[in-house]
Amino acid sequence: MTTLIPTDVMELLSKSGVSPLVIKGRNILPIVQGGMGVGVSAHRLAGAVAKAGGVGTISSIDLRRLHPDLMEQTQHLKPCSESREAINAANIEALRREILQAKKDAGGFGLIAVNVMKAVNEYAQYVRCSLENGADIIVVGAGLPLDLPDLAADYPDALLIPILSEARGVQLLVKKWMKKGRLPDAIVIENPRLAGGHVGASSVTDIHNTKFDFENVIPEVLKFFEEAGIAGKIPLIAAGGISSLEDIKRLQALGASAVQLGTAFAVTTEGDADDAFKHVLANAKKEDIVEFLSVAGLPARAVKTPWLGKYLKVESVLKETARKKPRCTMVFDCLHDCGLRDGNSSWGQFCIDKVLGSALVGSVQKGLFFRGAGALPFGTQIRPVIDLITRLLSDVEPIEYGYAAN
């Protein structure tokens with residue numbers, strides 16, 4: 001068994017009363033940093049989390065935005081197939097750079113994951129790039145990655161982790177993967193009622209369905225594992241609403257092996273987004289968090305900043321006038337299915353890459369700021385990753401309020 005946790009953090013873990021995450025013969029912290037795009041979780045954040053002994057995750061989407069030379073090459077391109085190819089090439093190069101730097105920053109501790117959305121056009125290309133450049137883990141959400149074992153066939157040591165929200169999806173995926181001779185190395189169980197960004201529910205109204213509660217999903221999945229003869233072989237990682245050691249203990253007692261946090265890591269000092277982005281998330285009050293349907297056709301949760309407020313006011317009008325366009329008007333053409341480009345009147349009607357890119361640089365007026373519904377361990381404070389890890393592994397009481405103080 002290889003331990004990838006530094007000595008000082010290992011002492012904290014030993015005193016915490018929670019168990020490490022054991023995955024393919026490696027001991028790591030039972031703390032996973034979720035992938036957050038566009039550019040919110042890149043090498044700086046992922047490397048810092050891994051250096052502390054956890055799983056640091058790079059979001060693969062449009063990483064060229066973090067590299068001035070690649071942006072200079074692509075930001076003035078006009079919509080056409082050649083421009084799309086140039087942007088995709090720039091993003092692949094950016095992803096390569098981010099993985100290599102994150103691995104270097106980790107210093108041999110923890111694991112570096114790359115999160116790839118199944119819903120994006122370049123899904124397969126991002127997976128291949130990640131594997132070729134030494135990512136330890138491929139995490140896939142926003143769709144069922146039934147083909148991931150095929151894409152990773154030449155990389156048997158890479159860890160493959162899908163993100164799912166209910167037992168039915170787990171059963172379908174695991175059965176399909178078993179036929180291919182491979183099991184998931186872990187599964188993230190995401191609670192749509194608590195998670196930020198795109199969430200795994202069929203509609204906005206379905207987000208709060210109790211079928212997604214950890215108390216229902218985790219036992220159902222574990223029962224399926226027993227019936228399938230694979231009990232103990234696939235660790236479960238609970239995602240959504242985690243903010244304290246007590247939460248980790250509760251979820252491990254329920255049968256999860258680890259937890260995943262997104263927003264809490266996004267607002268750390270090492271988070272790759274602008275400081276203004278972090279303050280928007282950290283200062284959001286409960287009434288500021290809204291749920292809506294994304295242009296990707298998935299329910300989402302974000303802070304109601306000026307852009308989102310204006311969009312929601314005119315959403316019904318935009319949907320009524322939705323029409324199919326000959327090509328993506330923003331050049332990138334990031335999504336395989338896009339409500340705006342494809343004229344799907346039941347989906348969102350905005351360019352998600354544009355508004356997430358604006359959020360990345362801290363444009364409060366123009367950006368879309370995804371955020372989870374749970375408490376932040378340090379309230380409105382922006383603190384280093386190691387402080388967050390320490391808080392999660394200590395008996396310090398979490399902040400009592402769920403959002404910023406009124």
Side-chain angles (χ1 to χ4, degrees), residues 23-24 32 34-35 37 55 57-63 84-85 87-89 91-92 95-96 98-99 111-190 197-202 221 224-225 228 230 233-237 239 260 294-298 332-338 341-342 344 347 352:
I23 186 167
K24 266 194 176 175
V32 177
V55 175
T57 306
I58 297 168
S59 174
S60 60
I61 308 301
D62 208 10
L63 286 168
R84 175 183 165 183
E85 291 173 5
I87 290 174
N88 286 333
N91 278 323
I92 288 295
L95 177 57
R96 184 190 70 82
E98 294 292 330
I99 294 169
L111 296 171
I112 295 297
V114 175
N115 178 287
V116 184
M117 290 177 62
K118 185 69 168 69
V120 299
N121 263 323
E122 303 306 314
Y123 155 71
Q125 195 173 357
Y126 288 154
V127 169
R128 284 193 290 267
C129 174
S130 301
L131 293 168
E132 290 167 0
N133 288 284
D136 300 304
I137 304 172
I138 306 297
V139 180
V140 180
L144 280 174
L146 301 180
D147 58 347
L148 188 55
D150 302 317
L151 293 172
D154 294 333
Y155 298 88
D157 294 330
L159 306 176
L160 308 182
I161 302 180
I163 302 175
L164 299 160
S165 295
E166 55 182 317
R168 183 176 59 178
V170 171
Q171 292 178 31
L172 173 61
L173 180 134
V174 169
K175 288 177 180 178
K176 293 285 187 181
W177 281 31
M178 288 177 74
K179 292 179 180 179
K180 298 175 184 288
R182 195 158 184 173
L183 290 175
D185 295 289
I187 295 175
V188 174
I189 302 295
E190 178 190 78
H198 291 115
V199 296
S202 59
V221 171
F224 161 66
F225 287 169
I230 53 174
K233 294 186 177 181
I234 306 176
L236 299 182
I237 302 167
Q260 176 176 291
S294 166
V295 69
L298 298 167
F332 184 23
D333 205 17
C334 56
L335 294 171
H336 185 272
D337 296 300
C338 170
R341 181 198 63 212
D342 302 333
N344 187 334
W347 290 11
I352 193 165

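- With values rounded to the nearest 0.5 angstrom, L173 atom CG is found 6.0 Å from L144 atom CG.
- With contacts defined as side-chain heavy-atom distances shorter than 4.5 Å, the pair P162/V140 does not qualify.
- Evaluation of the side chain to side chain contact (heavy atoms under 4.5 Å, CB included) rule for K233 yields L183, I230 as partners, not counting sequence neighbours.
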**OP:** Walk me through it: do L111 and I23 pass the test side-chain contact (heavy atoms from CB on, under 4.5 Å)?
**Re:** CA-CA 10 Å; L111 296 171; I23 186 167; 4.2 Å; yes
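- Between N115 atom CG and I58 atom CD1 the span is 10.5 Å, to the nearest 0.5 Å.
- In this structure, C129 and I92 approach most closely via the heavy-atom pair SG-O, 3.7 Å.
- Here the closest heavy-atom approach between residue Y155 and residue L131 is recorded as CE2-O, 3.6 Å.
- Within the structure, side chain to side chain donor-acceptor pair (under 3.5 Å) pairs that include any residue of residues 166-180 comprise D150-K180 (at least two apart or interchain).
- Sequence neighbours left out, the pairs with a member in residues 128-146 that pass side chain to side chain donor-acceptor pair (under 3.5 Å) are K103-D136.
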Original post:
How far apart are the C-alpha atoms of I189 and V170, what are their side-chain angles, what is the distance that settles it, and do they pass the side-chain contact (heavy atoms from CB on, under 4.5 Å) test?
Top reply: CA-CA 9 Å; I189 302 295; V170 171; 4.0 Å; yes
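- Taking both residues in full, the closest heavy atoms of A135 and V114 are given as CB-CG2, 3.8 Å, listed atom of the first, atom of the second, then distance.
- Shown here for S294 and H198, the closest heavy-atom pair between the two residues is OG-NE2, 2.8 Å.
- You'll find the side chain of V120 reaches within 4.5 Å of the side chain of I61, heavy atoms only.
- The two residues I99 and G134 make their nearest non-hydrogen contact at CG2-C, 4.3 Å.
- How far CG of L146 is from CG of L172: 6.0 Å, rounded to the nearest 0.5 Å.
- For D62 against Y126, the heavy-atom pair with the smallest separation is N-OH, 4.3 Å.
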Subject >> Derivation and outcome, side-chain contact (heavy atoms from CB on, under 4.5 Å), residues N121 and N88 >> reply: CA-CA 10 Å; N121 263 323; N88 286 333; over 6 Å; no
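- Here the side chain of S165 pairs a donor or acceptor atom with the backbone of E190 at under 3.5 angstrom.
- Counting heavy atoms from C-beta on, the side chains of V139 and V32 never come closer than 4.5 Å.
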**OP:** Walk me through it: do D147 and K118 pass the test side-chain contact (heavy atoms from CB on, under 4.5 Å)?
**Re:** CA-CA 10 Å; D147 58 347; K118 185 69 168 69; 3.5 Å; yes
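- If you run side-chain contact (heavy atoms from CB on, under 4.5 Å) between I138 and each of L159, L151, L160, I161, only L160 comes through.
- The backbone N or O of L63 lies less than 3.5 Å from no partner atom in the side chain of E98, so there is not a single donor-acceptor pair.
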